[in-house]
A.B. asks: 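Quick one: the structure is below, and I'll ask about it shortly.
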Amino acid sequence: MRVVGGPLSDLRDAVAAASGAVTGAGGPRSVSPTLERPKKVGFGDYATNAAMLLAPRAGKPPRDVAGQLAEELEQRLGAALERVEVAGPGFLNLFMSDVWLVAALGHVVAAGDAFGGGTAPSPERVNVEFVSANPTGPMTAAGGRHAAYGDSLARLLEFSGHDVTREYYINDIGGQVRRLGDSISARARGEAVPEGGYEGEYVRELAERIPGAGTDDPAVVAERGVQLLLEQICASMHAIGVDFDVWFSEASLHAGESPAVRRAFEELERRGETYRSEGALWLRTSAHGAPKDDVLERSTGEPSYLASDIAYHLDKRERGFDRLIDVWGADHHGHVARMHAAFDALGGSTGQLELIIMQFVNIIERGERAQMSKRRGDFVTLDDLIEQIGVDAVRFFMLQRSHDTTIDLDLDLAREQSSENPVYYVQYAHARIASILAKAGGSPRVLPALEEAAGFDGALQPAERTLVKKLLAFPDEIAEATEKRAPHRMAVYALELAQTFTAFYRDCQVVGAEGAGRESFRLALSATTKRTIARSLDLLGVSAPDKM
RNA sequence: GCGCCCGUAGCUCAGUGGAUAGAGCGCUCGCCUCCGGAGCGAGAGGUCGCAGGUUCAAAUCCUGCCGGGCGCGCCA
């Protein structure tokens, strides 16, 4: 991902312009040269593969094209460039001057708290629906992954400039809710729960908390049970730092004078997307890419789950969102094609609806996979997990992994390693910087240092150069994490930034550094690093304490 | 049978077209008069599941196979 504006963007423009000059008219628009930070120090500060991409078009060997590009770049970049080398099959390795790096840090300083933010090309109103676990039991540990992911994605979108609504869809009607009511009623009477009911201990507790649970209509008992569980779920979400803007009731789609589900049916009928067969109302989802048609209304007259979902998405669209993002569990992926097809049948524009599938969390305890069956009451709750390893560790752990890989969480290992969790390393670096800045004299000393830093003209140490470059990468990292819906990239970046700072701290004395302007430069470098770590952690929903 | 996700170090996982594939944990060795040792340095550890193919270049893209997870309902 590329962010427009800033030192890296200028560099990219220079490479593009040089490419255009070498290949003549047409320019490099159709090719997309990389500008990456090579792994090896000897390969320069940045490297580009432009010459290798242009070689076929230029009809010359890559290294010849690279040579021409190098000359162009030297002219265009002037003092910013120390030197440029042609390497390997045709890479161009750019060695930037200290002047360029100092100016680059000046850019980071000037950007302030907004550094890396507001880069969305066109701001949108985005609805992110996530977790949406059935209110038939407490929030499980796996729900924590959904919560951390959805919320972090929302934070990234917001920071990028979008207007985000966090939403939780409550499946508060249907068979599962009925079974919950029956289970509570049975427990209240001291009986075993019915076949297929909920056996967890929490059902007994609900039975005690609901007056008349044993005698009242199970439907009413179920409603009360759902209400109590939702309060509990809401509290668990709050505990992990997630506060939803909207709690959307599925039942509400079926209520009122003109229920949303009815209106959705009418809209689909009007569009000729439905038909009757075998006593049921069907939707032509197969005409929109789904494997087969699906039932909207059962032959019993009851609307299907899909019917609710269609009405729900229609409602979201009517609320004026430009983009709908649903985060679903892996067990729902069979529903994806169906939902896309249905949305299409409703006339939704392609790409407006994104369905993201989260893979599972396996909880390993005493070397065995815990079963995590809500129905049997056999699962680890999110509250337990938070109590055992803490909110920051839970969020960081859940967000370190890509959403489309199954993760194994070994509880015993997590407990043992909780003090060695990478999140503490990142937080420690942040606290350490806070301590350094305080020792230097706090803001009365740091604020002027931020001003002076851009005027520093001393020679930079390798660790200083590396740290500046790591900071410069931040806006691209955010854009990448946001656009790829991959908040785990932020976790990886935060860890790398902390490591880079720690190396700088080891090699470079900050407070009392000798040489004109050296201390100011390093204070500015430290202060901007602190800010960037704090921002990275904030985007993950993890705290950045000044003291630990 | 069909579809989706995954297979990378002992373990948990990054890396999805670039140069000699990385991190954390674990293991071995070294470092506590020095801005916070919750730290630092060095080291061992890899057929990137297997086999073909595309490409100047493949862990990354294509095809097939193997292994694991999930799904394929007038359940939600």
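Predicted model, so just to flag it, every value in this text is computed and none were measured. Each chain gets a letter, A, B and so on, in the order the sequences are listed, and its residues count up from 1.
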A.B. asks: Measure from the side chain of A:L495, starting at C-beta and using heavy atoms only, and say which of B:C6, B:A38, B:A23 lies closest.
C.D. replies: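 Closest nucleotide among those given: B:A23.
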A.B. asks: For B:C25 versus B:C50, give the span between their P atoms, rounded off to a whole number of Å.
C.D. replies: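 My reading of the P atoms in B:C25 and B:C50 gives 28 Å.
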A.B. asks: Less than 3.5 Å between a donor and an acceptor, one on the side chain of A:K40 and one on the base of B:U20, is that the case here?
C.D. replies: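 Between B:U20 and A:K40, which were checked side chain against base, a qualifying N/O pair under 3.5 Å is present.
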A.B. asks: Could you report the tightest heavy-atom contact between A:T532 and A:T528, atom names first, then the distance?
C.D. replies: OG1-O, 2.7 Å
A.B. asks: When rounded to the nearest 0.5 angstrom, what distance separates NZ in A:K547 from NE2 in A:H430?
C.D. replies: 12.5 Å
A.B. asks: Between B:C74, B:G18, B:U12, which nucleotide has the shortest distance from any of its atoms to the side chain of A:L53?
C.D. replies: B:G18
A.B. asks: Hey, does the side chain of A:K39 come within less than 4.0 Å of B:A19's phosphate (OP1/OP2), counting only N and O?
C.D. replies: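 Checking A:K39 against B:A19: at least one side-chain N or O falls below 4.0 Å of OP1 or OP2.
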A.B. asks: Write down the atom of A:V295, the atom of A:S304, and the distance for their closest heavy-atom approach.
C.D. replies: O-OG, 2.7 Å
A.B. asks: What integer number of Å spans the P atoms of B:C13 and B:A51?
C.D. replies: 25 Å
A.B. asks: Across all strands shown, which nucleotide pairs with B:U55 by Watson-Crick or G-U wobble geometry, both distances under 3.5 Å?
C.D. replies: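 Here B:U55 is not engaged in any pair, so there is no nucleotide opposite it.
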A.B. asks: How about A:H335 and A:Y305: are their ring centroids closer than 6.0 Å?
C.D. replies: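 Here the rings of A:Y305 and A:H335 have centres that are less than 6.0 Å from each other.
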A.B. asks: Which part of the nucleic acid does A:A431 contact within heavy-atom distance under 4.0 Å: base, sugar-phosphate only, or nothing?
C.D. replies: base
A.B. asks: Hey, is the side chain of A:R338 poking within less than 4.0 Å of OP1 or OP2 on B:G73, counting only N and O atoms?
C.D. replies: no
A.B. asks: Indicate, with a heavy-atom threshold strictly under 4.0 Å, whether A:D404 touches base, sugar-phosphate, or nothing.
C.D. replies: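 Contact class for A:D404: sugar-phosphate only.
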A.B. asks: Please indicate yes or no: is the ring centre of A:F360 less than 5.5 Å from the centre of the six-membered base ring of B:C70, with the two planes inclined by under 30 degrees?
C.D. replies: no
A.B. asks: Contact class for A:S435 vs. all strands (heavy atom < 4.0 Å): base, sugar-phosphate, or nothing?
C.D. replies: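 The residue A:S435 makes base contact.
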A.B. asks: Does A:R432 put a side-chain nitrogen or oxygen below 4.0 Å from OP1 or OP2 of B:A38?
C.D. replies: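 Checking A:R432 against B:A38: no side-chain N or O falls below 4.0 Å of OP1 or OP2.
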A.B. asks: Among B:C35, B:C70, B:A76, find the nucleotide with the atom closest to the side chain of A:N171.
C.D. replies: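 Nearest listed nucleotide: B:A76.
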A.B. asks: Please state how far atom CG in A:N362 lies from atom C1' in B:G68, giving the value in whole angstrom units.
C.D. replies: 11 Å
A.B. asks: What's the CG-C1' distance between A:D45 and B:A19, to the nearest Å?
C.D. replies: 16 Å
A.B. asks: Atom CG of A:L497 to atom P of B:A23: distance rounded to whole Å?
C.D. replies: 17 Å
A.B. asks: For B:C4, does either OP1 or OP2 sit under 4.0 Å from a side-chain N or O belonging to A:H332?
C.D. replies: no
A.B. asks: Name the closest nucleotide to the A:N134 side chain, picking from B:A76, B:A14, B:C56.
C.D. replies: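 The closest nucleotide is B:A76.
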A.B. asks: Write down the distance separating the C1' atoms in B:A76 and B:G71, rounded off to the nearest Å.
C.D. replies: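 Comparing C1' positions in B:A76 and B:G71 gives a spacing of 14 Å.
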A.B. asks: Of the nucleotides B:G24, B:G26, B:G36, which one has an atom closest to the side chain of A:E420?
C.D. replies: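 The answer is B:G26, which lies nearest to the side chain.
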A.B. asks: Between B:U12, B:A19, B:G18, which one does the side chain of A:R401 approach most closely?
C.D. replies: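 The closest nucleotide is B:U12.
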A.B. asks: So for A:D331 and B:G71, does any side-chain atom that can act as donor or acceptor lie under 3.5 Å from a complementary atom in the base?
C.D. replies: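 No such pair is found, so the answer is no.
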A.B. asks: Counting side-chain heavy atoms from CB outward, which of B:G69, B:A19, B:C35 is closest to A:V510?
C.D. replies: B:C35
A.B. asks: In this structure, how many angstroms lie between the P atom of B:C4 and the NE2 atom of A:H403, rounded?
C.D. replies: 16 Å
A.B. asks: Roughly, in whole Å, what's the span from CZ in A:F43 to P in B:A21?
C.D. replies: 11 Å
A.B. asks: Among B:A76, B:G36, B:A14, which nucleotide has an atom closest to any side-chain atom of A:V492?
C.D. replies: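 When the side chain of A:V492 is considered, B:A14 is the closest of B:A76, B:G36, B:A14.
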A.B. asks: Looking only at side-chain atoms of A:K292, point me to the closest of B:G36, B:C13, B:C74.
C.D. replies: B:C74
A.B. asks: Take A:I436 and A:P62, find for each the nucleotide of RNA chain B with the closest heavy atom, and name the residue whose nucleotide sits nearer the 5' end.
C.D. replies: A:I436
A.B. asks: Do any side-chain nitrogens or oxygens of A:Y425 fall under 4.0 Å of OP1 or OP2 in B:C40?
C.D. replies: yes
A.B. asks: Counting only side-chain nitrogens and oxygens, does A:Y424 get under 4.0 Å of the OP1 or OP2 atom of B:A38?
C.D. replies: no
A.B. asks: Any side-chain donor paired with an acceptor under 3.5 Å for A:E250 and A:N171?
C.D. replies: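 Looking only at side-chain atoms, A:N171 and A:E250 do form a donor-acceptor pair, the distance falling under 3.5 Å.
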A.B. asks: So that I know where these two stand, are A:Y168 and A:F248 an aromatic pair - ring centroids less than 6.0 Å apart?
C.D. replies: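 Ring centres of A:F248 and A:Y168 not closer than 6.0 Å.
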A.B. asks: Check every atom of B:C74, B:G37, B:G24 against the side chain of A:Y505 and return the nucleotide holding the closest atom.
C.D. replies: B:G37
A.B. asks: Using purine N1 to pyrimidine N3 plus N6-O4 or O6-N4 for Watson-Crick, or N1-O2 and O6-N3 for G-U wobble, each under 3.5 Å, what pairs with B:G22?
C.D. replies: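 B:G22 is paired with B:C13.
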A.B. asks: Going by modelled atom types, is there a donor-acceptor pair between the base of B:A19 and the side chain of A:N93 at under 3.5 Å?
C.D. replies: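 Yes.
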A.B. asks: Considering every strand shown, what is the Watson-Crick or G-U wobble mate of B:G43 when both distances are under 3.5 Å?
C.D. replies: B:C27
A.B. asks: So do A:H288 and A:E273 actually touch side chain to side chain, heavy atoms under 4.5 Å?
C.D. replies: yes
A.B. asks: Under 3.5 Å for both donor-acceptor distances, Watson-Crick or wobble: does B:G64 have a partner, and if so which one?
C.D. replies: B:C50
A.B. asks: A:Y275 and A:D293: side-chain donor and acceptor closer than 3.5 Å?
C.D. replies: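 Side chains of A:Y275 and A:D293: pair found under 3.5 Å.
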A.B. asks: Taking atom P of B:C5 as reference, at what distance in whole Å does atom CG of A:L355 sit?
C.D. replies: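 Result: 14 Å.
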A.B. asks: Can A:F91 be classed as stacking with the base of B:G18, given a centroid separation cut-off of 5.5 Å and a plane angle cut-off of 30°?
C.D. replies: no
A.B. asks: Is the base of B:C74 touched by the side chain of A:S299 through a donor-acceptor pair closer than 3.5 angstrom?
C.D. replies: yes
A.B. asks: Taking 4.0 Å as the cut-off, does a side-chain nitrogen or oxygen of A:R489 come that near to OP1 or OP2 on B:A14?
C.D. replies: no
A.B. asks: Which sits closer to the 5' end of RNA chain B, A:S304 or A:Q400, going by the nucleotide each is nearest to?
C.D. replies: A:Q400
A.B. asks: Taking O4'-C1'-N9-C4 for purines and O4'-C1'-N1-C2 for pyrimidines, is B:C29 syn (within 90° of 0) or anti?
C.D. replies: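 Chi for B:C29 falls in the anti range.
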A.B. asks: So which nucleotide does B:G1 pair with, by the Watson-Crick or G-U wobble rule with both distances under 3.5 Å?
C.D. replies: B:C72
A.B. asks: What's the gap between B:U16 and B:U60 when it is taken at their C1' atoms, as a whole Å value?
C.D. replies: 4 Å
A.B. asks: Work out how far the C1' atom of B:A19 is from that of B:C56, and round it to whole angstrom.
C.D. replies: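 Looking at atom C1' only, B:A19 and B:C56 are 13 Å apart.
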A.B. asks: For a quick check under 3.5 Å, do A:S520 and A:R445 share a side-chain donor-acceptor pair by atom type?
C.D. replies: yes
A.B. asks: Checking base pairs now: Watson-Crick or wobble, both atom distances under 3.5 Å. What partners B:C35?
C.D. replies: none
A.B. asks: Which value, in whole Å, describes the distance between the P atoms of nucleotides B:G18 and B:G37?
C.D. replies: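 Those two atoms are separated by 38 Å.
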A.B. asks: Heavy atoms only, 4.0 Å cut-off, all strands: where does A:I407 land among base, sugar-phosphate and nothing?
C.D. replies: sugar-phosphate
A.B. asks: Between A:S308 and A:H254, do the side chains contain a donor N or O and an acceptor N or O under 3.5 Å apart?
C.D. replies: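 There is such a pair between these side chains.
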A.B. asks: Nearest whole angstrom, please: distance from the C1' of B:U12 to the CZ of A:F397.
C.D. replies: 7 Å
A.B. asks: Would you mind classifying the nucleic acid contact of A:D309 as base, sugar-phosphate or nothing, using non-hydrogen atoms under 4.0 angstrom?
C.D. replies: nothing
A.B. asks: Distance check needed: B:C5 C1' versus A:Y149 OH, whole Å only.
C.D. replies: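 To the nearest whole Å, that distance equals 14 Å.
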